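The structure under discussion appears below in the form of structure tokens.
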Amino acid sequence: MPPSSIAAPLLAWYDAHQRVLPWRARHGTAKANPYYVLLSEFMLQQTTVATVLGYFPRFIERFPDVNALAASPLEDVLSLWAGLGYYARARNLHKAAVAVVEHHHGRIPNTEALLRQLPGVGAYTAAAIAAIAFDEAATVVDSNVERVMARLHNIDTPLPTAKKQLTQLAATHTPQRRPGCYAQALMDLGSRVCVSGVPRCGVCPIITSCAAQALGTAATLPRKKPKTLRPTRHGTAFVLFRAHDDAVWLRPRPASGMLGGMLEVPGTPWLEHDTADMAPAAYMPMAIPFTPLNKPVEHIFSHFRAVITVSTARTDEIPPDAGAWYALDTVPTLALPTVMKKILKRSIAL
DNA sequence: GATTCGTGGAA
DNA sequence: TTTCCAAGAAT
């Protein structure tokens, strides 16, 4: 059976079962808004559709087009991105918008090669935007496609080693007709039918082409190299409330690196050893005592677990620290990562 | 090729 | 509870 034989049944399945999503073109001939496609693809990097659905509408309301996004301060973008994670995506999204305005007359580049040059746009995202927004016959390879190809061709090589081979296989299936719908169909299939773990082969539209199904290996594929386990880092956060109005002291993090450009509660560095007994004086030298909370805040990041001891104080003294006072009722609108919101919430629940 | 980048939901 | 995972990119 020729490779191209999966395109027709996949497209038919997609026409019948595709999800309605705010960044997608409506069923039929209407084209997707390239800016919506670009924005959604940035958000969907390593993030579920369900999560993105809570952020995308607010973004297009605040930044209706790429010009609005480019013209806005990065801080506004980070504020709307807060809680979505992987904040380099937000910084790159803003850079990409500026590049589109400055170098492409405010129009999203319409080829995979040009898209690939934008900040934050890698091989997958360039192919996805080219295919979905401009119907270029680009081959998208995300983790869904990797899984579908590994099963379709019964590829036993563990990821990420198998990535190049899976990409080559995927390219052999990409059709010239409706490549945008095909790309989304393949990813929809991976996320709803050919799911990780035990796949739903009973409702798969391309089951007759699947080598792993025939061999009974589908549930074991794709294989992956084992991951290194997550270490624990310890730190202390100092939550300062202004005595007369309960405003809280926050400071900006460095523009790059982890949580780059976001706001934070001041505190110690996060180290591999316990810092619960470290004197606040070294990091927050003030003439008032801090009250440590009983239970630390725990938070799981992508590559380590943080255990943060929280210490609070009330004062009208100006802290000897970069930063500013923020009214508590503005916290939901600030560029605060989830761990910092957790720390504040714990401090207030006294 | 290996690491660094968040978060929330499901298994 | 712990682990895995999700429309990955940059270094």
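Every chain is numbered from 1, with letters handed out A, B, ... down the list of sequences. Computed from a predicted model, the values in this text were never measured in an experiment.
Counting to the nearest Å, the C1' atom of C/dC4 and the NZ atom of A/Lys224 are 8 Å from each other. Going from atom CD of A/Glu146 over to atom C1' of C/dA6 covers 12 Å, rounded to whole Å. Distance CG (A/Asn144) to P (C/dA6): 7 Å, rounded to an integer number of Å. Atoms CG (A/Leu159) and C1' (C/dA6) sit 14 Å apart, rounded to a whole Å. As a whole-Å value, the separation of A/Arg89 CZ from C/dA10 C1' is 14 Å. Rounded to whole Å, the distance from CZ on A/Phe301 to C1' on C/dC4 is 19 Å. Summarising the geometry, the separation between CZ on A/Arg223 and C1' on C/dC4 is reported as 17 Å, rounded to the nearest angstrom. Rounded to whole Å, the distance from CD on A/Glu41 to P on C/dA6 is 15 Å.
Within the 4.0 angstrom heavy-atom criterion, base atoms lie near A/Arg19. Here A/Val145 lies out of heavy-atom contact (under 4.0 Å) with every strand. The residue A/Ala123 sits close only to the backbone: its heavy atoms come under 4.0 Å of sugar-phosphate atoms, none of a base. Contacts of A/Arg91 with the nucleic acid, taken as non-hydrogen atoms under 4.0 Å apart, are absent. Here A/Ser191 lies in heavy-atom contact (under 4.0 Å) with sugar-phosphate atoms only. Contacts of A/Thr51 with the nucleic acid, taken as non-hydrogen atoms under 4.0 Å apart, are absent. Nucleic acid contact for A/Trp81: none, since no nucleic acid atom lies under 4.0 Å from a heavy atom of the residue. At the heavy-atom level, A/Leu259 lies under 4.0 Å from the strands shown only through sugar-phosphate atoms. A/Gly120 comes within 4.0 angstrom of the backbone, heavy atoms only, and of no base. Contact annotation for A/Leu38: no contact, since no heavy-atom pair falls under 4.0 Å across all strands. Here A/Gly83 lies in heavy-atom contact (under 4.0 Å) with sugar-phosphate atoms only.
A/Arg223 has a carboxylate O that lies under 4.0 Å from a charged side-chain N of A/Asp156, or vice versa, which qualifies the two as a salt bridge. Residues A/Asp15 and A/Arg178 are paired through a salt bridge, judged by an N-O separation under 4.0 Å between the basic side chain and the carboxylate. With respect to A/Arg305 and A/Glu298, a salt bridge is recorded, a charged nitrogen being found less than 4.0 Å from a carboxylate O.
Look at A/Gln46 and you'll find a side-chain N or O under 4.0 angstrom from OP1 or OP2 of C/dG8. For the OP1/OP2 pair of C/dA9 and a distance below 4.0 Å, the side-chain nitrogens and oxygens of A/Thr125 include at least one atom meeting the criterion. Under 4.0 angstrom from either OP1 or OP2 of C/dA7 there lies at least one side-chain N or O belonging to A/Ser143. OP1 and OP2 of C/dC5 both lie 4.0 Å or more from every side-chain N or O belonging to A/Arg147.
Using a 4.0 Å cutoff to heavy atoms of chain A, the contacted part of DNA chain B runs 5' to 3' from B/dA2 to B/dG8.
Both A/Leu159 and A/Met187 are members of a single hydrophobic cluster when ILVMFWY side chains are connected at heavy-atom separations under 4.5 Å. A continuous path of Ile, Leu, Val, Met, Phe, Trp and Tyr side chains, each step under 4.5 Å between heavy atoms, connects A/Leu74 with A/Ile60, placing both in one hydrophobic cluster.
Looking at A/Gln213 and A/Arg151, their side chains never bring a donor and an acceptor atom within 3.5 Å of each other.
Heavy-atom distances to DNA chain B give each of A/His299 and A/Pro160 a nearest nucleotide, and the one nearer the 5′ end belongs to A/Pro160.
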